[in-house]
Amino acid sequence: QVQVVESGGGLVRPGGSLRLSCAASGSIADIKSMAWYRQPAGKQRESVASIIDGVTTNYAESVKGRFAISKDNAKNTVTLQMNDLKPEDTAVYYCKVRVRPITTWAYIDYWGQGTQVTVDS
């Protein structure tokens with residue numbers, strides 16, 4: 001079994017910074033990608049940032065230049081550094097990990113339960 005746990009959400013003023021962390025653990029043979037999504041209240045979940053094979057990063061246009069994703073390969077963790085936060089960044093942030101469990105050759109997506117980020121003055 002694979003577990004995904006996020007941490008680091010909270011309340012911050014506009015222009016402030018937060019760092020989110022996500023840890024994957026369990027029976028993991030390989031991690032293909034780790035990604036952050038967010039879902040504002042009443043809206044659909046959207047992709048924020050991802051890192052593939054521990055190297056290639058992708059960002060939503062709305063966060064480019066403000067957010068940075070990084071992965072610690074030794075610890076199977078991914079961090080999302082969020083700077084210059086805006087009220088429109090308010091959402092529940094979810095971590096998704098694409099993992100090959102040791103019991104199969106297939107890659108499976110696992111999601112965390114989410115962490116709330118609120119940007120408000």
Side-chain angles (χ1 to χ4, degrees):
Q1 194 59 278
V2 175
Q3 297 81 38
V4 178
V5 179
E6 304 106 334
S7 61
L11 173 64
V12 65
R13 293 185 176 181
S17 298
L18 278 177
R19 176 175 290 187
L20 305 182
S21 293
C22 169
S25 62
S27 304
I28 297 172
D30 182 52
I31 294 179
K32 179 64 176 177
S33 64
M34 301 183 83
W36 288 96
Y37 288 70
R38 66 187 181 187
Q39 186 167 17
K43 297 184 179 181
Q44 289 189 331
R45 193 172 297 187
E46 61 183 10
S47 175
V48 176
S50 64
I51 183 164
I52 302 168
D53 293 327
V55 178
T56 303
T57 58
N58 295 287
Y59 296 93
E61 285 295 326
S62 60
V63 307
K64 279 183 179 178
R66 301 188 297 121
F67 290 11
I69 189 170
S70 60
K71 182 175 180 285
D72 184 331
N73 293 319
K75 297 181 180 180
N76 287 343
T77 61
V78 65
T79 297
L80 184 69
Q81 178 65 43
M82 305 185 294
N83 299 323
D84 189 24
L85 283 160
K86 304 176 180 181
E88 52 263 41
D89 294 317
T90 296
V92 178
Y93 284 70
Y94 296 91
C95 179
K96 185 186 80 173
V97 183
R98 182 159 292 177
V99 166
R100 181 168 67 82
I102 61 174
T103 55
T104 178
W105 288 104
Y107 283 86
I108 302 171
D109 289 340
Y110 292 87
W111 290 84
Q113 292 193 339
T115 184
Q116 177 70 45
V117 171
T118 302
V119 185
D120 193 350
S121 57

Under the rule for side-chain contact (heavy atoms from CB on, under 4.5 Å), what residues qualify as partners of Thr57, not counting sequence neighbours?
Ile51, Tyr59, Ile69
Mind checking what makes salt bridge (Lys or Arg N to Asp or Glu O under 4.0 Å) contact with Glu88, not counting sequence neighbours?
none
Using the ring of Tyr94 (Phe, Tyr or Trp, six-membered ring only), decide whether Arg45 places NZ or CZ under 6.0 Å from its centre and within 45 degrees of its axis.
yes
For Tyr37, the ring-ring contact (aromatic ring centres under 6.0 Å, His included) test, sequence neighbours excluded, returns Trp111
All side-chain contact (heavy atoms from CB on, under 4.5 Å) counterparts of Ile28, not counting sequence neighbours
Val2, Ala24, Ile31, Asn76, Val99
Between Leu18 and Gln81, does the side-chain contact (heavy atoms from CB on, under 4.5 Å) criterion hold? Intermediate values first, please.
CA-CA 6 Å; Leu18 278 177; Gln81 178 65 43; over 6 Å; no
Taking a hydrophobic cluster as the set of Ile, Leu, Val, Met, Phe, Trp and Tyr residues connected by side-chain heavy atoms closer than 4.5 Å, whether directly or through intermediates, do Met82 and Val12 fall within one such cluster?
yes
Of all the heavy-atom pairs spanning Ala49 and Leu80, show the shortest one and how long it is.
CB-CD1, 4.1 Å
Check Pro101 against Tyr110 and note the closest heavy-atom contact, atom names and distance.
CG-OH, 3.6 Å
Does anything in residues 84-121 form a disulfide (SG to SG under 2.5 Å)? List the pairs, not counting sequence neighbours.
Cys22-Cys95
Distance-minimising heavy-atom pair for Ser17 and Asn83
OG-OD1, 2.9 Å
Please report the shortest heavy-atom distance between Ser47 and Ala60, naming the atom on each side.
O-CB, 3.5 Å
Salt bridge (Lys or Arg N to Asp or Glu O under 4.0 Å): which pairs involve residues 5-18, sequence neighbours left out?
none
According to salt bridge (Lys or Arg N to Asp or Glu O under 4.0 Å), does anything in residues 24-33 pair up with another residue at least two apart or in another chain? List the pairs.
Lys32-Asp53
Determine which pairs satisfy disulfide (SG to SG under 2.5 Å) with at least one residue from residues 23-84, sequence neighbours left out, and list them in order.
none
List in chain and number order the residues that pass side-chain contact (heavy atoms from CB on, under 4.5 Å) with Ala23, two or more places apart in sequence or in another chain; answer none if no residue qualifies.
Thr77
Smallest separation among heavy atoms of Trp36 and Thr79, with atom names:
NE1-C, 4.1 Å
Pairs touching residues 65-83 that satisfy salt bridge (Lys or Arg N to Asp or Glu O under 4.0 Å), sequence neighbours left out
Arg66-Asp89
Provide the full list of salt bridge (Lys or Arg N to Asp or Glu O under 4.0 Å) pairs with a residue in residues 96-106, sequence neighbours left out, each pair given once.
Lys96-Asp109, Arg98-Asp109
Sorted by first residue and then second, give each disulfide (SG to SG under 2.5 Å) pair with at least one member in residues 50-82; sequence neighbours left out.
none
